[in-house]
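Order of the sequence lines sets the chain letters (A, B, ...), proteins ahead of strands, with each chain counted from 1.
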Amino acid sequence: MSENRQGQYGGFGADLKSVQFRQEREPLWRELERLMAVVEQRGPDGLSFDESLAFATLYRRTLSSLSVAREISLDSGVQSYLEALSARAYSLMYTRPNRPGLAMIDFFVRGLPVAVCAMWPSLLVAVATFALGAIFGFVLYHEDLGWLTAIMGTDSFGGRGPENTVAELRETIYDPGGVAQRTQGWAAFSISLMINNVGVALLAFALGVAGAVPTLGLLFYNGLVIGLFYSVFHDKGLGLDIIAWLSIHGVTEISAIFLGGAAGIHVGRGVLFPGRKSRSARLRENGRRAGEVAMGAVLMLILAGLIEGYFRQAVDVLSWRLFIGWGLGALIFAYFGTGGWWQALRRNREP
Amino acid sequence: MTFDLQRIREGRSVHGVRRVMTPEGVEVEFVLADRAQRLVAVIIDLTVQVLASLALFLLILFVSGLLFGEGINGTEFFSVALGLVSFFFQFFYFLTLEVMWQGKTVGKHVMGLRVIGANGQPLALSGLVARNFMRQVELFLPLVAGTGLVGPTSALTSLVSLAWAFGLSAYICFDADRRRLGDLLGGTIVVQQAKPVLLPDVVMQAQITEPRFRFTQDQLDTYGRFELQVLEGLLRDQHRPDQEDVFRRVVERISLKIGLDSSISPEFHRDFLNDFYAAQRQHLEREALYGKRKDSKSDDSDDP
């Protein structure tokens, strides 16, 4: 030891391990930089097959350079370069959903039904809250008509109130004019309605973070409005007619509101009852699933908007209205039901 | 210091730096986006939304005028097209851009920001959906409540609804990772895009063929990694106005510390520092090979 201690030290560039390290690997880093510039400008599709293969390989080699440099290199210039290069390359490697087209198909065939089935308790709560609201509305209406103006204000349903005669009310459901006249302007109106409905469904989802309380309130209120609206027609003996009129698009539309509500309740459950996981981990898990369901709700509302835009006024036979509305409802139910089938399939495959 | 390391290991951020464990098993450091940067990005995005939909409105107006003239059909077509445009921009602008453009929107691109997965998983489609649908509450609700388009009319109730609307958006101010609620649901963080710049190596830059000064191992045991990197920074900075003065003070300090007898004449100050840097780095790297890491001059632990 004592002998070694006396040894003279003088650094030569090429003697240093870190200099060799850098000289060997710098061309790889530069090549990665070049490929990254291409991806930044033209997206991942801008690379040829060989280049994207090289990109992935170079990315991994750069990460390994980084972990070596953290251990041995004392050159902070190289180290901070590698930190930045790795971070940038990572954010280009892992920020694109793998094959978006395929992911989309998978979402429709498997992801969405499974997500809906997986949150059946939340869905049940959503439906129950809405139904409770509807029943409440019906009871309040018959308790005292004053509730109607108290909740909805005057001119509650655009000129459809208890003061209208049966004939007037019937006219709003079965428009006397021809089909061409009836559908006039309806498409534009139904789009503005659709935007409003999508907003409500997404609000129901997003307000789930506040422990789902506002979501429940939203569901209850919407049920209440439907209950009051139904009561107006019910009292004039037009109960079945208004159900048919609402059914043709409403089955899809209200199911979508249920889905939005269920998504919100699912998020709220994550906030309030995280269970064994940490709150943030549970929230992330529930949030992603709820996001999928909310997306399903939006798509259903677009479908409902299409139906509303044309069929609601064009089809004015009671039985057809019921048939189209509930037929669609049955299809939607069957579609989401396949989620349970997928889940069972997975359970059987995994012992 | 140890507390910070602990937090970093747990995956929480310190002073806006967040370590993410990649699928390759190497932790990568990201600098989180400032809240102010994100605010500016969102304002840019809102402006783009407004301008782009206005431009599309004009285009549609032009096309429908061309197709239908002044007819009734034209108005219908016009209003349907308008509805579809505003529908897209209100609900799908952010989502579409972030999916198609690898976690960037126009505002984020301008500010040099990007969305990434918080826990090293690839950015998931469902995560992006959750994070952007959350904007209904975090961004649009306060905007609507703030402009008083919707909601109760009395001053007190509108104040309450405003506070409620902003309350959820304010979460971003309290999160250590600067996540907003949408990031929490989607499992994402927003980071600044790193700009890799490879500086030349100080040792190679000095072009030493034969060192003028030599040092003994005892002398080189004085300093550690931290001091070496401070010296590196000093040697890199070529254009200080008080260069000579700084060099003189540093040389005096080093010679005192390592016990050098003779004083060094000013014209060799730079050579001395270059030689000392190279020798010191070589020494520390060699020691590190034997498992001895010396982080700073006060790090006296001999244990590997």
| Under a 4.5 Å heavy-atom cutoff, which of B:Val20, B:Val28, B:Leu199, B:Leu198 has the most pairs with chain A? | B:Leu198
| message | If I measure from the heavy atoms of chain A, does B:Gln90 come under 4.5 Å with its side chain, its backbone, both, or neither? | response | side chain
| Is it the side chain or the backbone of A:Val209 that comes within 4.5 Å of chain B heavy atoms, both, or neither? | side chain
| request: Test salt bridge (charged side-chain N to carboxylate O under 4.0 Å, His left out) on B:Arg179 and B:Glu138 and set out the steps. | output: CA-CA 12 Å; B:Arg179 290 172 297 182; B:Glu138 285 186 284; over 6 Å; no
| message | Evaluate B:Arg18 against B:Asp175 for salt bridge (charged side-chain N to carboxylate O under 4.0 Å, His left out), listing each step before the verdict. | response | CA-CA 13 Å; B:Arg18 173 79 143 80; B:Asp175 190 89; over 6 Å; no
| query | Closest heavy-atom contact between A:Ser52 and A:Leu47? | reply | CA-CD1, 3.8 Å
| said: Please classify the contact of B:Val191 with chain A as side chain, backbone, both or neither, using a heavy-atom distance under 4.5 Å. | reply: neither
| Greatest number of heavy atom pairs closer than 4.5 Å to chain B - which of A:Gly77, A:Ser76, A:Ser192, A:Gly291 | A:Ser76
| Do A:Arg88 and A:Glu33 meet the salt-bridge criterion of a basic N to acidic O distance under 4.0 Å? | no
| task | To the nearest 0.5 angstrom, please state how far the CG atom of B:Leu235 sits from the CG atom of B:Asn274. | result | 5.0 Å
| task | Measure the acute angle between the ring planes of A:Trp29 and A:Tyr81, then classify it against the limits of 30° and 60° as parallel, tilted or perpendicular. | result | tilted
| note | The interface call for A:Glu285 against chain B, heavy-atom contacts under 4.5 Å, is neither
| Region of B:Leu82 in contact with chain A, defined by heavy-atom distances below 4.5 Å | neither
| Under 3.5 Å: donor-acceptor pair, side chain of A:Gln20, backbone of A:Lys17 | no
| Backbone N/O of B:Val203 and side chain of B:Asp201: donor-acceptor pair under 3.5 Å | yes
| field | Nearest heavy atoms of B:Glu227 and B:Gly224, plus distance in Å | value | OE1-N, 3.0 Å
| task | Would you check if the side chain of B:Gln280 reaches a backbone N or O of B:Leu220 as a donor-acceptor pair within less than 3.5 Å? | result | yes
| Pick from B:Val129, B:Asp183, B:Val137: which one has the most heavy-atom pairs with chain A under 4.5 Å? | B:Val137
| query | To the nearest 0.5 Å, how far apart are CD1 in B:Ile116 and CG in A:Leu92? | reply | 11.0 Å
| request: Can you tell which part of A:Leu74 gets under 4.5 Å to a heavy atom of chain B, answering side chain, backbone, both or neither? | output: both
| request: Considering only heavy atoms and a distance below 4.5 Å, find which of A:Gly111, A:Ala115, A:Pro44 pairs most often with chain B. | output: A:Pro44
| Which portion of A:Arg70 sits near chain B, non-hydrogen atoms under 4.5 angstrom | both
| said: Can a donor-acceptor pair be found, under 3.5 Å and without considering hydrogens, that links the side chain of B:Arg180 to the backbone of B:Ile172? | reply: no
| query | Pick from A:Glu292, A:Met295, A:Arg22: which one has the most heavy-atom pairs with chain B under 4.5 Å? | reply | A:Arg22
| Measuring heavy-atom distances to chain A, does B:Leu228 have an atom under 4.5 Å in its side chain, in its backbone, in both, or in neither? | side chain
| field | Contacting moiety of B:Arg114, where chain A heavy atoms sit under 4.5 Å | value | side chain
| Using non-hydrogen atoms only, which part of B:Leu168 is less than 4.5 Å away from chain A: side chain, backbone, both, or neither? | side chain
| task | Could you tell me which portion of B:Phe92 (side chain, backbone, both or neither) has an atom closer than 4.5 angstrom to a non-hydrogen atom of chain A? | result | side chain
| said: I'd like to verify something: which residue of B:Gly25, B:Pro23, B:Gly233 has the highest number of heavy-atom pairs under 4.5 Å with chain A? | reply: B:Pro23
| message | What part of B:Leu184 gets within 4.5 angstrom of chain A, counting heavy atoms only: side chain, backbone, both, or neither? | response | both
| query | What are the two closest non-hydrogen atoms of A:Leu283 and A:Val267, and how far apart are they? | reply | CD1-O, 3.9 Å
| request: With a 4.5 Å cut-off on heavy-atom pairs, point out which of B:Leu84, B:Leu181, B:Thr22 contacts chain A the most. | output: B:Thr22
| For the side chain of A:Arg284 and the backbone of B:Gly186, is there at least one donor-acceptor N/O pair under 3.5 Å apart? | no
| Region of B:Phe133 that comes under 4.5 Å of a non-hydrogen atom in chain A | both
| query | Counting only heavy atoms not in B:Phe89, do more than 12 sit closer than 6.0 Å to its CZ atom? | reply | yes
| message | Quick check on A:Ala290 against chain B: is it the side chain, the backbone, both or neither that has a heavy atom closer than 4.5 Å? | response | neither
| task | Run the numbers on B:Tyr277 and B:Arg281 for side-chain hydrogen bond (donor to acceptor under 3.5 Å, both in side chains), then give the verdict. | result | CA-CA 6 Å; B:Tyr277 174 79; B:Arg281 197 165 119 190; 3.0 Å; yes
| field | Any residue of residues 200-207 of chain A which, by heavy atoms, sits under 4.5 Å from chain B | value | A:Leu202, A:Leu203, A:Phe205, A:Ala206, A:Leu207
| query | Between A:Glu71, A:Arg289, A:Met93, which residue shows the highest count of heavy-atom pairs closer than 4.5 Å to chain B? | reply | A:Glu71
| For B:Arg131, is it the side chain, the backbone, both, or neither that has a heavy atom closer than 4.5 Å to a heavy atom of chain A? | neither
| message | Which atoms of B:Phe87 are under 4.5 Å from chain A, going by heavy atoms: the side chain, the backbone, both sets, or neither? | response | both
| message | For A:Tyr90 and A:Tyr59, take the angle between the two ring planes, folded into 0 to 90°, and tell me which bin it lands in: parallel under 30, tilted 30 to 60, perpendicular over 60. | response | tilted
| Side chain, backbone, both or neither: which part of A:Leu82 has an atom under 4.5 Å from a heavy atom of chain B? | neither
| message | Looking at every heavy atom in both B:Arg135 and B:Asn132, which two are closest together, and how far apart are they? | response | NE-OD1, 2.9 Å
| request: Side chain from CB out, backbone as N, CA, C, O: work out which of these in A:Ser91 comes under 4.5 Å of a heavy atom of chain B, or both, or neither. | output: both
| query | Taking the six-membered ring for Trp, are B:Phe215 and B:Phe272 ring centroids under 6.0 Å apart? | reply | yes
| query | Which one of B:Met134, B:Arg236, B:Glu24 has the most heavy-atom pairs closer than 4.5 Å to chain A? | reply | B:Glu24
| Proximal component of B:Glu285, with respect to chain A [non-hydrogen, under 4.5 Å] | both
| After noting the C-alpha distance and the side-chain angles of B:Glu287 and B:Arg225, does the key distance pass the salt bridge (charged side-chain N to carboxylate O under 4.0 Å, His left out) rule? | CA-CA 11 Å; B:Glu287 292 287 287; B:Arg225 186 186 179 114; over 6 Å; no
